[in-house]
Amino acid sequence: MAQRFDVIVLGAGGMGSAACFELARRGVRVLALEQFPLVHARGSSHGHTRIIRTAYAEHPGYVPLVRRAFERWYALEQLTGRHLLTACPCLNAGPPGSEHVDGVRLSVREHGLAAEELTGEAINARFPAFNLPPDYTGVLEYAAGFLYVEACVRAHLDAAASLGAEVHAEEPVRAWKAVGTGVEVTTDRGTYSAARLVVTAGAWATQLLADLAVPLRVMRQTLLW
């Protein structure tokens, strides 16, 4: 007979570990299944650090989400006693008409964020590591910083487990299906059932969601800092 949970989370990386913790702290009986060892280097949330910024260039709609994220990171630090987030300004620079810089300006303007406009010459004078063309422009935003990303994943998983969540590492999901009003998930070790399923499997979501014809396209992102 399948083990029963309220929610099953497929993938325990950056998003899955956070989902697992947030569910567990609400009293939900949750199971997280990860196909690789915990805090591995095969997904999107590995390495030492990742940036966190409030003035999202992609769309001002992200700003409330990031503000909430800052609150939750600080709360997780208090709960675990671990240093996870270092606050520092974020410099965004580019040529005149840069889509990225203009997007940052839009988020700053719509949400009244603390930020400073800088010319290319001002950026070079203040940050001598750079040698930008003088016609470049930039925005220095102050509600930003960086996260110790692998420590963040570990903190979320440990905190979730302390609240009663089950976290199974190196247990690949082979199949899942809707059963009645819930779902059933099959792995190499057994079968689990739950009322809800959360898929945070990164690049592997294309396989897990193939039957739903979800139009996902996996893209490589090369990071440099």
Side-chain angles (χ1 to χ4, degrees), residues 1-47 50 52 65-66 68-82 84-85 147-218:
M1 184 175 179
Q3 286 185 256
R4 180 75 183 177
F5 296 86
D6 297 324
V7 179
I8 296 175
V9 178
L10 304 188
M15 299 300 290
S17 62
C20 187
F21 166 68
E22 292 294 344
L23 289 164
R25 80 180 184 92
R26 290 166 170 79
V28 175
R29 178 165 162 72
V30 58
L31 167 68
L33 296 170
E34 170 56 56
Q35 65 176 324
F36 300 119
L38 298 180
V39 197
H40 59 80
R42 305 186 198 184
S44 301
S45 301
H46 60 83
R50 286 290 190 282
I52 182 170
L65 299 176
V66 182
R68 177 62 173 159
F70 269 96
E71 294 175 3
R72 299 305 304 140
W73 286 124
Y74 288 137
L76 186 63
E77 285 185 323
Q78 293 298 312
L79 177 67
T80 62
R82 306 179 192 181
L84 303 173
L85 192 162
L147 293 153
Y148 298 98
V149 62
E150 291 185 359
C152 291
V153 175
R154 178 68 67 184
H156 269 140
L157 292 174
D158 290 347
S162 73
L163 294 170
E166 287 194 30
V167 180
H168 294 187
E170 298 181 86
E171 186 170 351
V173 171
R174 299 307 179 189
W176 70 272
K177 61 182 178 179
V179 178
T181 59
V183 296
E184 189 173 87
V185 175
T186 302
T187 74
D188 290 340
R189 301 182 196 172
T191 301
Y192 310 95
S193 64
R196 297 287 185 270
L197 180 70
V198 177
V199 179
T200 50
W204 292 273
T206 54
Q207 301 170 23
L208 294 171
L209 302 177
D211 291 344
L212 301 180
V214 177
L216 300 177
R217 182 163 63 96
V218 178

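In what follows, every heavy atom counts, from backbone to side chain, and hydrogens, waters and symmetry copies are set aside.
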Straight-line distance of [X] [atom1] to [Y] [atom2], nearest 0.5 Å:
X    : Y    : atom1 : atom2 : value
D158 : L76  : CG    : CG    : 10.0 Å
R217 : T206 : CZ    : OG1   : 12.5 Å
R50  : S45  : CZ    : OG    : 6.5 Å

V173 vs Q35, side-chain contact (heavy atoms from CB on, under 4.5 Å): CA-CA, chis, key distance, verdict: CA-CA 7 Å; V173 171; Q35 65 176 324; over 6 Å; no
Would you indicate whether the side-chain heavy atoms of [Y] and [X] approach each other to under 4.5 Å?
X    : Y    : answer
W73  : L85  : yes
F5   : E166 : yes
Y192 : L33  : yes
V185 : L10  : yes
H46  : V149 : no
L209 : V199 : yes
F21  : L157 : no
V198 : V7   : yes

Among pairs that include at least one residue of [range], which meet salt bridge (charged side-chain N to carboxylate O under 4.0 Å, His left out), considering only residues two or more places apart or in two chains?
range            : answer
residues 15-25   : E22-R25, E22-R26, E22-R72
residues 176-186 : K177-E184
residues 190-201 : none

CA sep, side-chain torsions, deciding dist, call: L38, V167, side-chain contact (heavy atoms from CB on, under 4.5 Å): CA-CA 9 Å; L38 298 180; V167 180; 3.9 Å; yes
Heavy atoms of other groups near E71 CD, more than 12 under 6.0 Å: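 Yes - once you tally the heavy atoms of other residues, nucleotides and ligands closer than 6.0 Å, there are more than 12.
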Shortest non-hydrogen contact from [X] toward [Y]:
X    : Y    : answer
W204 : R42  : CH2-O, 3.1 Å
I8   : A194 : CG1-CB, 3.6 Å
A160 : A24  : O-CB, 4.0 Å
C152 : L84  : SG-CB, 3.9 Å
T200 : G11  : OG1-O, 2.9 Å

Set of salt bridge (charged side-chain N to carboxylate O under 4.0 Å, His left out) partners for D211, sequence neighbours left out: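 D211 satisfies salt bridge (charged side-chain N to carboxylate O under 4.0 Å, His left out) with no residue once adjacent residues are dropped.
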Quick one: does [X]'s side chain have a donor or acceptor within less than 3.5 Å of a partner on [Y]'s backbone?
X    : Y    : result
E34  : A12  : yes
E170 : F36  : no
R29  : R4   : yes
W176 : L208 : yes
R82  : Q78  : no

Contacts of T187 that satisfy side-chain hydrogen bond (donor to acceptor under 3.5 Å, both in side chains) - sequence neighbours left out: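 T187 satisfies side-chain hydrogen bond (donor to acceptor under 3.5 Å, both in side chains) with E171 once adjacent residues are dropped.
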Side chain to side chain donor-acceptor pair (under 3.5 Å) contacts in which one or both residues fall within residues 6-21, not counting sequence neighbours: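 Output for this query is empty, none listed.
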